[in-house]
Amino acid sequence: MSSDQSHRADLQKDPARVSGMFDEVAAGYDRTNTILSVGNDRLWRVATTRALSPRPGQRILDLAAGTGTSSVAIARTGAEVVAADFSPGMIAEGQRRHAEVPGVSFVEADATDLPFEDEEFDAVTISFGLRNVQDADAGLREMLRVTKPGGRLVICEFSHPTSPAVASLYRFYNDHILPPIARLVSSNGDAYDYLNESIRAWPDQPTLAGRIRAAGWTDVAWRNLTLGVVALHRARKPVGDGGA
Ligand SMILES: C[S@@+](CC[C@H](N)C(=O)[O-])C[C@H]1O[C@@H](n2cnc3c(N)ncnc32)[C@H](O)[C@@H]1O
C-alpha cells in the first residue's frame, strides 16, 4: 500500500463523510455485500454469532450494526440485542426491515462516545465496523467500558490473507473485479473504492490483537475465515485488577 492510499483511507474516515456514505448505500447495502463477497458474508455472520455464544437473557451490544443483519441473527438465540450505529440511514433501514423481530432495539450512537452506562453488556460485537471508526482505539476502550467484567468481545473484520498466493489473488479481485461490479450493483460505487483502500490500510491479525490488548482487553485470540480475507478476533474484559 502506498502512503498516499493510507492517507486517503484515513481522510475518508471523517465521521460525517463515513456516516453520509452509509446513509447513501443503506437501501442496497446487504444485497451488495452478498454479491461482492460471493455469499461468504452469511458464513462470516454464522461464525461471529458462534464465537459470541449468546445465551437467552444476555444483553449484547452489536456496534456499528448497520441495518441490523448481524443483530437479528444474535437475537434469534434469545439474547437481547442493542443494535447501535451512527448512520441514521442504516438505522432507519434496519428498523424498517426488522420492526417485527423481538429482542432487537436500534440506537443511534457513536462508537467512540457510547450513550450507555459502565458494564451494561454481557458481550460486545462489531462486524465490519471497527475499520470505519476514525479512532478505533478509542472505540475499543469504549467497548471495554460498557462490558461487564469477564464479558466477551468479538470483532469480525476484513483482514489480510496469510498465503502470498491468496493475498495476490485477493488484491487482484479488490483492484480489478470488485470496483466495476460495485458500480453496477450499488447506488454509490465510490463507496467501494473507500472499502478497498480501508482494507489495505487496516492492520494485520497480530497487530490488531496488540491494539485490542493495549485497550485493556485480555485473552486476545483470533482465527482466520476464508483464508484470512476476514479475521475473527475474540477477547475478554479482565475481572478485578486485571486478572482474567
Ligand atoms: C460496513 S458497515 C457494517 C454494518 C454491519 N455491522 C454489518 O456487518 O453488515 C459499517 C457500519 O459502521 C458504522 N460506523 C462507522 N463508524 C462508526 C462510529 N464511529 N460509530 C458508530 N457506527 C459507525 C457505519 O455507519 C456502518 O453502518
Side-chain angles (χ1 to χ4, degrees), residues 9-37 39-49 51-52 60-75 81-98 104 106-116 124-143 145-146 153-159 178 182 186-188 190-199 202 225-226 229-233:
D10 280 347
L11 276 183
Q12 290 176 339
K13 284 188 195 178
D14 168 67
R17 290 179 69 180
V18 172
S19 171
M21 182 178 78
F22 281 104
D23 285 345
E24 262 185 59
V25 299
Y29 169 80
D30 288 282
R31 187 183 65 113
T32 307
N33 259 1
T34 300
I35 294 170
L36 295 180
S37 71
N40 279 283
D41 58 327
R42 295 187 177 144
L43 304 176
W44 301 334
R45 290 194 196 289
V46 169
T48 303
T49 305
L52 197 61
I60 313 277
L61 173 62
D62 185 12
L63 194 52
T67 59
T69 308
S70 45
S71 322
V72 167
I74 298 164
V81 184
V82 175
D85 198 286
F86 77 170
S87 154
M90 293 291 264
I91 292 272
E93 184 64 22
Q95 279 169 328
R96 190 184 65 75
R97 249 190 254 174
H98 306 302
V104 181
F106 286 88
V107 174
E108 205 178 306
D110 186 331
T112 59
D113 186 18
L114 292 172
F116 306 115
V124 177
T125 184
I126 181 165
S127 291
F128 308 105
L130 191 60
R131 175 180 34 86
N132 295 292
V133 176
Q134 193 179 37
D135 186 346
D137 301 300
L140 287 167
R141 290 191 297 273
E142 265 299 80
M143 290 185 236
R145 181 183 68 75
V146 301
L153 170 72
V154 175
I155 300 173
C156 178
E157 188 51 87
F158 287 112
S159 197
L178 184 144
S186 170
S187 52
N188 179 0
D190 287 350
Y192 292 86
D193 290 338
Y194 159 79
L195 170 74
N196 189 5
E197 288 173 13
S198 67
I199 291 173
W202 187 241
L225 305 177
T226 319
V229 166
V230 164
L232 210 52
H233 281 75

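Counting starts at 1 for both ligands and their atoms, following the listed order.
- In this structure, Ala65 has a heavy atom closer than 4.0 Å to ligand 1.
- For ligand 1, the atoms lying closer than 4.0 Å to a non-hydrogen atom of Ser87 are 25 (O).
- In terms of heavy-atom proximity, Arg131 sits nearest to Ser198 at NH1-OG, 2.9 Å.
- Here the heavy atom of the protein found nearest to atom 20 (N) of ligand 1 is Ala111 N, 2.8 Å.
- Close N/O approach between Arg45 and ligand 1 is found [any backbone or side-chain N/O within under 3.5 Å].
- Listed by number with element, the atoms of ligand 1 under 4.0 Å from a non-hydrogen atom of Met90 are 27 (O).
- Remark: ligand 1 atoms within the under-4.0 Å shell around heavy atoms of Ala109 are 20 (N), 21 (C).
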Apply side-chain contact (heavy atoms from CB on, under 4.5 Å) to residues Phe128 and Leu195 and explain how you reach the verdict. CA-CA 10 Å; Phe128 308 105; Leu195 170 74; over 6 Å; no
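- Ranked by closest heavy atom to atom 9 (O) of ligand 1, the top entry among Tyr29, Phe22, Phe128 is Tyr29.
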Side chain to side chain donor-acceptor pair (under 3.5 Å) between Asp62 and Ser70, intermediate numbers included: CA-CA 8 Å; Asp62 185 12; Ser70 45; 2.7 Å; yes
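- For atom 5 (C) of ligand 1, the nearest non-hydrogen atom from the set Gly68, Pro88, Ala64, Ala84 belongs to Ala64.
- Within a 6.0 Å radius of CZ in Arg97, more than 12 heavy atoms belonging to other residues, nucleotides or ligands are found.
- Using a 4.0 Å cut-off between heavy atoms, Cys156 makes no contact with ligand 1 at all.
- Two residues are said to be in side-chain contact when any heavy atoms from C-beta on lie closer than 4.5 Å; Leu140 and Ile155 meet this criterion.
- For the pair Arg45 and Thr69, the tightest heavy-atom approach, listed with the atom from each and the gap, is NE-CG2, 3.7 Å.
- At the shortest separation from atom 15 (C) of ligand 1 among protein heavy atoms lies Phe86 CE2, 3.4 Å.
- Side-chain contact, Thr67 with Asp30: a donor N or O sits under 3.5 Å from an acceptor N or O.
- The shortest N/O to N/O separation between Asp110 and ligand 1 falls below 3.5 Å.
- The shortest side-chain heavy-atom distance between Asp135 and Asp137 falls under the 4.5 Å cut-off.
- Inclusion of Asp85 in the set of residues having an N or O under 3.5 Å from an N or O of ligand 1 is warranted.
- The shortest N/O to N/O separation between Asp30 and ligand 1 does not fall below 3.5 Å.
- Minimum interatomic distance between Val104 and Ala83 (heavy atoms only, all atoms of both residues): CG1-CB, 4.3 Å.
- Here is the list of ligand 1 atoms found below 4.0 Å of a heavy atom in Gly66: 4 (C), 27 (O).
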